[in-house]
Amino acid sequence: MNYDEVYRSFQWRVPEHFNFSVDVIDRLAADRGRAALYWEDEAGREARYTFWDFSNQSSRFANVLRGLGVRRGDPVMIVLPRVFEWFVAFLGALKAGALVIPCTASLRAKDIRYRAQHSGARAIVTAPESIAEVDAVRGEC
């Protein structure tokens with residue numbers, strides 16, 4: 001086949017429903033030992049996470065979001081440093097059907113307010129270090 005034939009015959013195969021967390025991560029989790037992430041912090045602490053870890057924890061987190069009233073299509077802001085929990089929150093929000101708004105953990109209150117107001121975020125997932133910044137604008141979001 002030459003390029004023109006390939007180009008003319010090409011068709012996208014788009015599934016009717018696709019959820020990265022369910023269709024990719026959960027499928028890869030079938031092998032409970034399959035490594036997904038090797039992590040090391042500034043102090044030299046290391047961790048190894050499997051796809052099963054991500055699948056299991058993201059399912060739990062999706063249930064938490066649903067229990068808090070987050071529904072399919074709701075925007076959810078994630079204001080966390082790049083740690084295991086960031087991935088769990090991201091994948092769990094996807095699993096719950098939310099629209100994920102990944103944010104840097106260095107956002108200040110005015111930045112959080114702007115993003116929350118403009119996105120219509122229904123929830124903000126953050127770490128203890130950022131609670132004061134979120135609480136400062138909570139009533140305005």
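Given the structure is predicted, the values throughout are model-derived calculations rather than measurements.
- Here the closest heavy-atom approach between residue Leu80 and residue Ala105 is recorded as C-CB, 3.6 Å.
- Within 6.0 Å of OH on Tyr7 lie no more than 12 heavy atoms contributed by other residues, nucleotides or ligands.
- Listed by first then second residue, pairs satisfying side-chain hydrogen bond (donor to acceptor under 3.5 Å, both in side chains) with a partner in residues 9-24 number zero, not counting sequence neighbours.
- Side chains of Asn63 and Arg66: a donor on one and an acceptor on the other come within 3.5 Å.
- A distance-only check finds a donor-acceptor pair linking the side chain of Asp53 to the backbone of Thr50 [under 3.5 Å].
- Counting heavy-atom neighbours within 6.0 Å of Arg138 CZ, excluding the residue itself, gives a total of 12 or less.
- The side-chain hydrogen bond (donor to acceptor under 3.5 Å, both in side chains) pairs that include a residue from residues 112-132 are Asp74-Arg122, Arg113-Glu140, where partners are two or more places apart or lie in different chains.
- Following chains of ILVMFWY side-chain contacts shorter than 4.5 Å, one cannot reach Ile78 starting from Val64, and the two form parts of different hydrophobic clusters.
- Side-chain atoms of Lys95 do not come within 3.5 Å of backbone N or O of Phe90 as any donor-acceptor pair.
- Listed by first then second residue, pairs satisfying ring pair (Phe, Tyr, Trp, His ring centres under 6.0 Å) with a partner in residues 46-81 read Tyr49-Phe84, Phe54-Phe84, Phe54-Phe87, not counting sequence neighbours.
- Hydrophobic clustering places Leu91 together with Leu28 (ILVMFWY residues linked when any side-chain heavy atoms are closer than 4.5 Å, directly or through intermediates).
- Residue Arg60 qualifies as open at atom CZ: its count of foreign heavy atoms under 6.0 Å is 12 or below.
- The hydrophobic cluster containing Leu37 also contains Phe20, counting ILVMFWY residues as joined when their side-chain heavy atoms lie under 4.5 angstrom apart, directly or transitively.
- Between Met77 and the options Leu99, Val125, Ile124, a side chain to side chain contact (heavy atoms under 4.5 Å, CB included) holds for only Ile124.
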